[in-house]
Structure formats: C-alpha cells, structure tokens
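Quick caveat: nothing in here was measured; it's all calculated off a predicted structure.
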Amino acid sequence: QVQLVESGGGLVQPGGSLRLSCAASGFTFSMYAMSWYRQAPGKERELVAGITSGGIKNYADSVKGRFTISRDNAKNTVYLQMNSLRPEDAAVYYCHLERGFRDYWGQGTQVTVSS
C-alpha cells in the first residue's frame, strides 16, 4: 500500500529555514511526479512545488527563489528546502502523489513561523 510520511516541520523564526522530507513506499517512486501542498487555517490547500519523474521542477509564485524541491530516488524521498521563511508560510505541509488517477496524501507536518 502507498505510504507517504512527512517530517521536518516545526517552529522557526521569520527569515529562518526548514527542510521537509517525505518518505515514500508502496510504489515505484522513480516513475512518478511528486509534489508539496500546504493548507493554512481557513484557506484552500494550495500547490507549493512539484517535481516530475525527470526532475523538472515548478513552484508557486509565492515561494519562487526561496523554496527548493528535490528528490532522491535511491532513498524514495522528496524534500522541500524552505529558506527565508515568512509568517504567511505557516501551514500544514502535505506530500502528494497522483497514481492511477488517484490522489495520495501524507499525514502532514506543521510549519509555524513566528518570533
């Protein structure tokens, strides 16, 4: 069965950095695009960054230049490096997979940005 497990969230000061990890299992990781979404209270879940099976990356305008998505196929893990964090980045961050016309989500990891 597909399993996506996020880690790395926590409390950070504005301007600080965090690296999120998503450990994947139950499917052939290298064949699929992966992405990160986030959801803040009272807001829609939004796409933050994505990476294709070939390593092509895309980002929401709000995080371009600050966040970097990457993947390590040998470790079945996708990462989100978050730099220059702002209070508006605070949210629950979710790892996402689309496989066989179905969406799979991790449990989420909380990112809090506050002084």
Side-chain angles (χ1 to χ4, degrees):
Q1 62 213 43
V2 170
Q3 186 166 248
L4 304 173
V5 181
E6 301 96 334
S7 62
L11 174 64
V12 66
Q13 294 182 345
S17 298
L18 285 172
R19 188 173 79 154
L20 307 183
S21 298
C22 172
S25 61
F27 64 102
T28 306
F29 179 80
S30 62
M31 293 178 60
Y32 293 93
M34 300 294 297
S35 57
W36 287 95
Y37 285 71
R38 67 187 182 189
Q39 188 167 27
K43 297 181 67 177
E44 292 283 313
R45 189 170 297 188
E46 64 175 347
L47 177 66
V48 176
I51 184 167
T52 71
S53 61
I56 299 172
K57 303 171 183 180
N58 64 90
Y59 300 94
D61 287 343
S62 59
V63 308
K64 284 181 180 176
R66 300 187 299 120
F67 291 12
T68 303
I69 190 171
S70 61
R71 66 192 297 158
D72 186 338
N73 288 339
K75 296 182 178 179
N76 283 7
T77 301
V78 60
Y79 304 96
L80 186 68
Q81 178 67 47
M82 306 187 296
N83 299 326
S84 302
L85 282 161
R86 304 166 180 169
E88 54 263 41
D89 296 318
V92 178
Y93 283 71
Y94 297 92
C95 184
H96 172 261
L97 161 72
E98 183 182 342
R99 188 191 69 156
F101 310 110
R102 177 177 173 177
D103 293 309
Y104 296 86
W105 301 93
Q107 83 289 344
T109 186
Q110 177 71 55
V111 172
T112 302
V113 185
S114 177
S115 59

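- Sequence neighbours left out, the pairs with a member in residues 105-115 that pass side chain to side chain donor-acceptor pair (under 3.5 Å) are E6-Q107.
- For residues 37-71, no pair satisfies disulfide bond (SG atoms under 2.5 Å apart), with sequence neighbours left out.
- Applying the side chain to side chain donor-acceptor pair (under 3.5 Å) test to residues at least two apart or on different chains, the pairs with a partner in residues 44-54 are R38-E46, Q39-R45.
- Applying the disulfide bond (SG atoms under 2.5 Å apart) definition to pairs two or more places apart or across chains, those involving residues 21-115 are C22-C95.
- Sorted by first then second residue, the salt bridge (Lys or Arg N to Asp or Glu O under 4.0 Å) pairs that include residues 18-34, not counting sequence neighbours, number zero.
- At a threshold of 4.5 Å between non-hydrogen side-chain atoms, the residues Q81 and L18 do not count as touching.
- Screening residues 71-80 for salt bridge (Lys or Arg N to Asp or Glu O under 4.0 Å), with sequence neighbours left out, gives no hits.
- Judged as a ring-ring contact (aromatic ring centres under 6.0 Å, His included), the pairs with a partner in residues 8-28 (not counting sequence neighbours) are, in order, F27-Y32.
- The backbone N or O of S70 lies less than 3.5 Å from no partner atom in the side chain of K57, so there is not a single donor-acceptor pair.
- Contacts classified as ring-ring contact (aromatic ring centres under 6.0 Å, His included) and involving residues 71-95 (residues at least two apart or in different chains) are not found.
- Side-chain atoms of L97 and L4, non-hydrogen and from C-beta on, do get closer than 4.5 Å to each other.
- Between L47 and A60, the closest heavy-atom pair is O-CB, 3.5 Å.
- Put simply, the side chain of V113 does not reach to within 4.5 Å of the side chain of Q13, judged on heavy atoms.
- Side-chain contact between I51 and N58: absent, with no pair of heavy atoms (C-beta onward) separated by less than 4.5 Å.
- A continuous path of ILVMFWY side-chain contacts below 4.5 Å connects L80 to V111, so both sit in one hydrophobic cluster.
- The salt bridge (Lys or Arg N to Asp or Glu O under 4.0 Å) check on R66 picks up D89, with sequence neighbours excluded.
- For residues 90-113, the set of pairs meeting the salt bridge (Lys or Arg N to Asp or Glu O under 4.0 Å) definition, not counting sequence neighbours, is empty.
- No side-chain heavy atom of V48 sits less than 4.5 Å from a side-chain heavy atom of Y59.
- Residues forming a side-chain contact (heavy atoms from CB on, under 4.5 Å) with S25 (at least two apart in sequence, or on another chain): Q3.
- No path of Ile, Leu, Val, Met, Phe, Trp and Tyr side chains, each step under 4.5 Å between heavy atoms, connects I56 with V78, placing them in separate hydrophobic clusters.
- Looking at heavy atoms from C-beta onward, I69 lies in side-chain contact with W36 at the 4.5 angstrom threshold.
- Residues satisfying the salt bridge (Lys or Arg N to Asp or Glu O under 4.0 Å) test with K43, not counting sequence neighbours, are none.
- In terms of heavy-atom proximity, A40 sits nearest to A90 at CB-O, 3.7 Å.
- Hydrophobic clustering of Ile, Leu, Val, Met, Phe, Trp and Tyr side chains at less than 4.5 Å, counting indirect connections, unites V12 with L20.
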